Amino acid sequence: MNILWFCFLLFISGTCCSETISDRLSLLQEGDEIVFDFHQSITVIGVVNTSDHAIQLRVATATKDVLSREEFRTWVEWYGQGAPGALSNELLTIHTDHTSVVYSEEPQRVQWLLTLLKLELTKVPEGQRRRAGPAPLSGEIDLRPLFQPKIVVDEKVVESRSTAFSIEWPTDGTELSARHLILYFPQSLSAVQAFPYWIESPSSSYHVSVVDSSRSSHP
């Protein structure tokens, strides 16, 4: 009976403590910023303030021509000047208590982020991760290194390994609908570790990348 009870406790701990991106938000600092490239648009997420119970983000989305049209050199600079010409510039408050409640006053263009924050992350074992370069010929030993996405901080590429997690996107009618996705989170302390810097679909060429980021303070 004691063994059965112990196994039951292990099962409960394994099913009740699944990690989500919301759980990683404690790694954020006020002033952190990250720039996502969605091919047709750019989304910049910045940390406005943090507390013991909530984190407030400002999420600005724009078409790619805005940078030259508004005469800014970088997306971080554009965002820091109030994101002029943005399609949306919204405040998002995330309550970080045990209920992980997410709230936004105008969630139209940040719905993808609201969904992403709630999805369960499953770590991808190294033996199952994508490797860099072309596959070896039949019978050859695969000596390729693990794929490590480019990590950009303050316009510079940072040497960093990444940890890969998989998620299952819900059927929601978006371009991500029902996709199996792999997310790569940087291990470097100089990067914004709370968010993935590369999101890919193993079954297609679809991917989302982080083209720049900035931390309020470096270790």
Side-chain angles (χ1 to χ4, degrees), residues 7 10-11 13-15 17-25 27-28 32-45 64 74-76 112-113 115-215 218-219:
C7 291
L10 285 179
F11 172 78
S13 62
T15 55
C17 302
S18 299
E19 184 181 9
T20 65
I21 294 183
S22 290
D23 299 324
R24 300 176 64 91
L25 296 183
L27 299 171
L28 290 173
D32 287 353
E33 297 171 355
I34 189 165
V35 184
F36 286 94
D37 183 344
F38 283 93
H39 302 291
Q40 300 299 319
S41 64
I42 292 289
T43 293
V44 186
I45 301 174
K64 290 189 173 182
T74 69
W75 287 108
V76 169
W112 67 272
L113 179 57
T115 299
L116 182 65
L117 288 171
K118 299 174 183 178
L119 296 180
E120 181 180 331
L121 298 171
T122 301
K123 188 173 182 179
V124 179
E126 286 202 359
Q128 299 176 21
R129 282 185 55 169
R130 177 158 77 94
R131 295 184 177 271
L137 298 175
S138 177
E140 291 184 339
I141 298 175
D142 193 346
L143 300 177
R144 296 175 299 165
L146 295 177
F147 168 71
Q148 304 289 350
K150 183 167 63 175
I151 306 301
V152 183
V153 181
D154 295 328
E155 303 179 67
K156 297 178 181 178
V157 177
V158 173
E159 291 294 327
S160 175
R161 294 179 62 82
S162 293
T163 305
F165 292 87
S166 66
I167 62 172
E168 302 296 332
W169 202 269
T171 303
D172 59 2
T174 68
E175 62 178 323
L176 295 177
S177 182
R179 285 184 187 266
H180 172 69
L181 299 172
I182 306 297
L183 283 56
Y184 294 83
F185 292 83
Q187 296 178 7
S188 172
L189 295 177
S190 64
V192 182
Q193 294 178 306
F195 289 107
Y197 273 58
W198 184 270
I199 302 172
E200 65 182 16
S201 166
S203 62
S204 71
S205 60
Y206 180 84
H207 71 272
V208 175
S209 62
V210 167
V211 294
D212 200 4
S213 60
S214 181
R215 293 218 65 190
H218 292 277

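Since this is a predicted model, take the numbers as computed values, not measurements.
- When atom types are taken as modelled, the side chain of Arg24 and the backbone of Gln193 share a donor-acceptor pair closer than 3.5 angstrom.
- Listed for the Arg131 side chain is a donor-acceptor partner under 3.5 Å among the backbone atoms of Arg144.
- Annotation: side chain of Ile167 is in contact with side chain of Leu121 (closest heavy-atom distance under 4.5 Å).
- With a 4.5 Å cut-off on side-chain heavy atoms, Leu183 and Ile21 count as touching.
- Every residue two or more places apart in sequence or in another chain that forms a side chain to side chain donor-acceptor pair (under 3.5 Å) with Ser188 is listed here: Ser190.
- Checking side-chain atoms of Arg215 against main-chain N and O of Leu189 turns up a donor-acceptor pair under 3.5 Å.
- A salt bridge links Lys64 to Asp37: one of the charged nitrogens lies within less than 4.0 Å of a carboxylate oxygen.
- In this structure, Ser213 OG and Trp75 CH2 are separated by 15.5 Å, a value rounded to the nearest 0.5 Å.
- Legend: residues meeting side chain to side chain donor-acceptor pair (under 3.5 Å) with Glu200, ordered by chain and number and at least two apart, are Arg130, Tyr184, Trp198.
- Under the salt bridge (Lys or Arg N to Asp or Glu O under 4.0 Å) criterion, no residue pair touches residues 204-214, with sequence neighbours excluded.
- Side-chain contact, Ser160 with Gln148: no donor N or O sits under 3.5 Å from an acceptor N or O.
- Using modelled atom types, one side-chain atom of Asp172 and one backbone atom of Thr174 make a donor-acceptor pair closer than 3.5 Å.
- The ring-ring contact (aromatic ring centres under 6.0 Å, His included) contacts involving residues 155-181 comprise Phe165-Phe185, where partners must be two or more places apart or lie in separate chains.
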Walk me through whether Val35 and Ile42 qualify under side chain to side chain contact (heavy atoms under 4.5 Å, CB included). CA-CA 7 Å; Val35 184; Ile42 292 289; 3.6 Å; yes

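- Rounding to the nearest 0.5 angstrom, the gap separating the NZ atom in Lys150 from the CD atom in Glu159 is 12.0 Å.
- Scored by the ring pair (Phe, Tyr, Trp, His ring centres under 6.0 Å) test, Tyr197 finds no partners at all (sequence neighbours excluded).
- In this structure the side chain of Thr20 never reaches within 4.5 angstrom of the side chain of Lys118, judged on heavy atoms.
- How far NE2 of His207 is from CD1 of Ile182: 15.0 Å, rounded to the nearest 0.5 Å.
- Remark: side-chain polar atoms of Glu140 are paired, donor with acceptor, to backbone N or O of Leu137 under 3.5 angstrom.
- For the pair Ser209/Pro149, no side-chain contact is recorded, criterion being any heavy-atom separation below 4.5 Å from C-beta on.
- With sequence neighbours left out, Arg161 forms a side chain to side chain donor-acceptor pair (under 3.5 Å) with no residue at all.
- We find the CD-CG distance between Glu33 and Asp154 to be 9.5 Å, quoted to the nearest 0.5 Å.
- Note that the CG atom of Leu27 and the CG atom of Asp32 stand 9.5 Å from one another [nearest 0.5 Å].
- Heavy atoms only, all atoms of each residue included: Ser22 and Leu117 are closest at OG-O, 3.0 Å.
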Worked verdict on Val210 versus Val152 for side chain to side chain contact (heavy atoms under 4.5 Å, CB included): CA-CA 7 Å; Val210 167; Val152 183; 5.8 Å; no

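- Not one N or O on the side chain of Thr171 forms a donor-acceptor pair closer than 3.5 Å with the backbone of Ala178.
- Considering CG of Leu116 and CZ of Phe195, their distance stands at 8.0 Å, rounded to 0.5 Å.
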